[in-house]
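Reviewing the structure listed below.
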Amino acid sequence: MDFMYLHLDNVKRLFPGGIPPVKSVGYIPESRCYDRVSVHRTVIFSYSLSSKNLFHILEEDQKQMKIKPPTFIFGVPGRKYHNLTPLPFEEFFFSYEGKYYDYFQPLVDSVAASHFHSIVISDTMAAMISRILELCKSSNSPGSADLIDRLCEQLATESCLNIRMMESTVNPHEQKILAISSYLKIHYASPIDWGKL
């Protein structure tokens with residue numbers, strides 16, 4: 001996909017209210033960092049999907065963090081950010097007006113105090129990102145912006161759950177048991193292939 005930056009703040013929603021409207025969505029196939037400090041006025045969820053870097057280096061309010069890609073950043077309004085990552089990386093992001101920080105803050109703070117994490121881009125997350133980018137192509141069509149709003153909120157939640165699972169102390173055997181339990185709950189009325197579980 002080619003470079004894309006789309007403003008959605010003036011796109012009419014068919015179902016306004018309930019969740020914050022996305023202000024912008026962007027995709028940069030080869031994002032580059034410039035040696036400058038930026039202060040965001042928006043709430044930003046940013047993902048490095050792939051990278052030529054072994055580590056991404058970010059300063060948040062002059063505290064430097066070094067994280068293995070792929071990465072997830074929750075950008076907070078008013079904080080100073082300085083991305084020091086030297087080589088290009090594939091970036092996907094979406095943003096909200098700064099006034100929605102309080103809406104997302106409990107979700108993100110439930111994961112950790114840091115707003116910069118390594119993340120596993122699951123198949124579910126990759127499908128959501130693809131769907132969001134596909135909807136952006138028809139963002140002025142009735143209902144597209146509403147779907148983008150909901151998918152972005154769902155992606156933010158999925159990202160925080162993903163990080164929490166990565167940082168959890170659940171051992172691999174417990175995770176497998178939980179996965180089997182979930183599968184059985186969904187497929188209780190179907191024949192079960194116990195060998196595949």
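Quick caveat: nothing in here was measured; it's all calculated off a predicted structure. Along the sequence shown, residues are numbered consecutively beginning with 1.
Looking at Y47, F89, F72, F116 one by one, the single match for ring-ring contact (aromatic ring centres under 6.0 Å, His included) with H56 turns out to be F89. When each of L155, L151, I148 is checked for a side-chain contact (heavy atoms from CB on, under 4.5 Å) with R131, only L151 meets the rule. F94 pairs in a ring-ring contact (aromatic ring centres under 6.0 Å, His included) with only one of the listed residues (Y27, F45, F104, Y5), which is F45. Between E90 and the choices S50, S31, S48, S51, the side-chain hydrogen bond (donor to acceptor under 3.5 Å, both in side chains) rule is met once, by S50.
Under the 4.5 Å side-chain heavy-atom criterion for grouping Ile, Leu, Val, Met, Phe, Trp and Tyr, I121 is connected to F74 within one hydrophobic cluster. With hydrophobic clusters built from ILVMFWY side chains whose heavy atoms lie under 4.5 angstrom apart, M4 shares a cluster with L8. Hydrophobic clustering of Ile, Leu, Val, Met, Phe, Trp and Tyr side chains at less than 4.5 Å, counting indirect connections, unites L6 with M128.
Side-chain contact between I44 and S95 is present, with at least one heavy-atom pair separated by less than 4.5 Å. The shortest side-chain heavy-atom distance between T85 and L58 does not fall under the 4.5 Å cut-off. Considering only heavy atoms from C-beta on, V22 comes within 4.5 Å of Y96 through its side chain. In this structure, P77 and V43 have side chains that are in contact, with non-hydrogen atoms separated by less than 4.5 Å. You'll find the side chain of K52 reaches within 4.5 Å of the side chain of E30, heavy atoms only. By the 4.5 Å heavy-atom criterion applied to side chains, N53 and P86 are counted as neighbours. The closest side-chain heavy-atom distance from F92 to M125 is not below 4.5 Å.
Using a distance-only test at 3.5 Å, with no hydrogens or angles considered, a donor-acceptor pair links the side chain of N162 to the main chain of V120. Without hydrogens or angle criteria, S46 side chain to I73 main chain gives no donor-acceptor distance under 3.5 Å.
Considering every non-hydrogen atom in both Y100 and P21, the closest pair reads OH-CD, 3.5 Å. Nearest heavy-atom pair, C152 versus I132, reported as atom, atom and distance to 0.1 Å: SG-CD1, 3.8 Å. Between S118 and I67, the closest heavy-atom pair is OG-CG2, 2.8 Å. For the residue pair A145 and V11, the shortest heavy atom distance occurs at CB-CG1, 3.7 Å.
L14 CG: more than 12 foreign heavy atoms inside a 6.0 Å radius. Annotation for F15: atom CZ does not count as buried by contact number, only 12 or fewer foreign heavy atoms lying within 6.0 Å. No more than 12 heavy atoms of other residues, nucleotides or ligands lie within 6.0 Å of CD in Q62, so this atom counts as exposed by the packing criterion.
Between D146 and R13 there is no salt bridge, since none of the side-chain N atoms of the basic residue sits less than 4.0 Å from a carboxylate O of the acidic one.
Between K23 atom NZ and D9 atom CG the span is 4.0 Å, to the nearest 0.5 Å. We find the CD-OG distance between Q154 and S159 to be 10.5 Å, quoted to the nearest 0.5 Å. Atom CG in D2 sits 13.0 Å away from atom CD1 in I28 (nearest 0.5 Å). Here L107 contributes atom CG and C160 contributes atom SG; the two are 4.0 Å apart, rounded to the nearest 0.5 Å. Summarising the geometry, atom CZ belonging to R32 is positioned 13.0 Å from atom CG belonging to N83; distances are rounded to the nearest 0.5 Å. If you take CG on L135 and CZ on R150, they are separated by 12.5 Å, rounding to the nearest 0.5 Å.
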